[in-house]
Number of protein chains: 2
Amino acid sequence: MRYSKQRKEILEIIKTTNSHPTADWIYERVRTQIPNISLGTVYRNLRQLVDNDLIHARTVNGMVHYDGNLGDHQHFYCTDCGILYDLDLSLEDFVSEITENLGHVIHECDLQFNGICNSCQQEQ
Amino acid sequence: MRYSKQRKEILEIIKTTNSHPTADWIYERVRTQIPNISLGTVYRNLRQLVDNDLIHARTVNGMVHYDGNLGDHQHFYCTDCGILYDLDLSLEDFVSEITENLGHVIHECDLQFNGICNSCQQEQ
DNA sequence: CAAGATAATAGTAATGATTACTATTATTTA
DNA sequence: TAAATAATAGTAATCATTACTATTATCTTG
Ligand SMILES: [Mn+2]
Ligand SMILES: [Mn+2]
Ligand SMILES: [Zn+2]
Ligand SMILES: [Zn+2]
């Protein structure tokens with residue numbers, strides 16, 4: 001992976017913002033530094049950075065949000081303002097942490113594990 | 001909400017399958033019963049059924065999967081075969097349940113809460 | 001420091017899932 | 001039965017993302 005100023009700038013933007021920006025937001029932001037950058041370049045770099053595990057991607061409401069925080073953490077998504085908050089929870093008491101300490105109201109708990117299932121392991 | 005045979009058939013398909021089908025899969029399936037049904041009709045009905053809480057929708061890998069199981073449950077997504085398994089976990093020991101009892105290998109834990117955040121509640 | 005090798009870019013076209021539109025048809029209600 | 005209107009089929013439009021291509025920038029190696 002070579003380092004272009006486009007790639008450096010995109011990575012810098014994601015690393016220095018904690019608002020989980022979308023591709024379009026990043027595109028508008030990087031254009032203030034590199035006005036003639038292509039939207040295709042932004043998407044291509046985002047995919048490369050995700051593939052090389054330099055950033056993370058997560059889909060919220062059908063839109064991909066990018067995350068420069070690589071540490072193991074969870075999120076709270078507000079369906080009203082659309083902010084995707086970082087959470088750092090012990091799994092035992094995460095519900096009371098959110099509702100009592102942070103004061104958020106939980107409408108939905110979206111919990112999903114990804115990995116390789118039992119039957120797929122048998123086949124290898 | 002009136003009841004057309006298209007709507008009845010779509011709901012029936014989702015309620016009687018536990019494989020979390022996509023819009024396109026449902027479209028192909030319902031076409032065996034109603035050959036000239038429109039893809040637009042499938043999408044329109046899926047949205048209506050979700051809005052009226054008769055089915056649930058969840059996005060996995062950028063594709064929307066529909067779920068006729070309205071009970072509170074979690075999922076295990078296999079990145080190899082793409083199967084989205086239902087889980088019914090007590091939150092205390094869900095990891096050992098998945099790894100030890102079910103034999104799946106967890107690569108990712110995707111945990112997200114949706115609701116109304118503290119600051120949004122203040123404004124109302 | 002060249003110079004060749006090739007990864008990355010800008011610009012644009014294509015894709016694919018979903019939504020919008022419109023004239024027609026089916027369902028409900030009285 | 002007939003008016004009111006929700007739903008439909010078919011198609012066009014949208015929008016995020018990906019693919020393509022000729023050109024440019026970066027890396028490597030002598
Ligand atoms: Mn985060
Ligand atoms: Mn399910
Ligand atoms: Zn909020
Ligand atoms: Zn599997």
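Letters A, B, ... are given to chains in the order of the sequence lines, protein chains preceding strands, and every chain is numbered from 1. Side-chain atoms are counted along with the backbone in the values below, which use heavy atoms only and exclude waters and symmetry mates.
- Along DNA chain C, the nucleotide nearest Ser4(A) and the nucleotide nearest Arg2(B) are compared for position; the residue whose nucleotide lies closer to the 5' end is Ser4(A).
- Between dT17(D) and Tyr43(A), a contact under 4.0 Å exists linking OP1 or OP2 to a side-chain N or O.
- For Thr41(A), whose side chain is taken as the heavy atoms from C-beta onward, the closest listed nucleotide among dT9(C), dT17(D), dC27(D) is dT9(C).
- Per the geometry, CD belonging to Gln6(A) stands 13 Å off C1' belonging to dT23(D), to the nearest Å.
- Look at NZ on Lys5(A): it is 10 Å from C1' on dA25(D), rounded to the nearest Å.
- Summarising the geometry, the separation between OH on Tyr3(A) and C1' on dT9(C) is reported as 17 Å, rounded to the nearest angstrom.
- When the C1' atom of dA26(C) is taken as reference, atom CD of Glu9(B) falls 17 Å away, rounded to whole Å.
- A straight line from CG of Asp24(A) to P of dC15(D) spans 11 Å, rounded to a whole angstrom.
- A donor N or O paired with an acceptor N or O is not found under 3.5 Å between the base of dT8(D) and the side-chain atoms of Arg44(B).
- Along DNA chain D, the nucleotide nearest to Leu39(B) and the one nearest to Arg7(B) differ in position, and the one closer to the 5' end is contacted by Arg7(B).
- With rounding to whole Å, Met1(B) atom CE is found 16 Å from dT5(D) atom C1'.
- The pair Glu28(B)-Arg31(B) counts as a salt bridge, with a side-chain nitrogen and a carboxylate oxygen less than 4.0 angstrom apart.
- Residue whose closest nucleotide on DNA chain C sits further toward the 5' end, between Ile37(A) and Gly62(B): Ile37(A).
- Side-chain atoms of Ser38(A) lie closest to dA10(C) of the nucleotides dA10(C), dT28(C), dA9(D).
- Side-chain contact check for Asn69(A) and His56(A): no donor-acceptor pair (N or O, by modelled atom type) lies under 3.5 Å.
- Looking at the side chain of Gln48(B), the nearest of the listed nucleotides dA10(C), dA7(D), dA9(D) is dA7(D).
- Residue His75(B) is tested with Val60(B), Leu87(B), Asp86(B) for a side chain to side chain contact (heavy atoms under 4.5 Å, CB included); the sole match is Asp86(B).
- Backbone-only engagement by Asn36(A) is indicated by non-hydrogen atom pairs under 4.0 Å involving sugar-phosphate atoms exclusively.
- Look at Arg47(A) and you'll find a side-chain N or O under 4.0 angstrom from OP1 or OP2 of dA19(D).
- Crowding of Asp72(A) atom CG: a count of heavy atoms from other residues, nucleotides or ligands under 6.0 Å not exceeding 12.
- One interatomic measurement links the two molecules: NZ of Lys8(A) to C1' of dA7(C), which rounds to 15 Å at whole-angstrom precision.
- Atom CD1 of Ile55(A) is separated from atom CZ of Arg47(A) by 12.0 Å, given to the nearest 0.5 angstrom.
- dA7(D) atom C1' lies 16 Å from atom CG of Leu11(B), rounded to whole Å.
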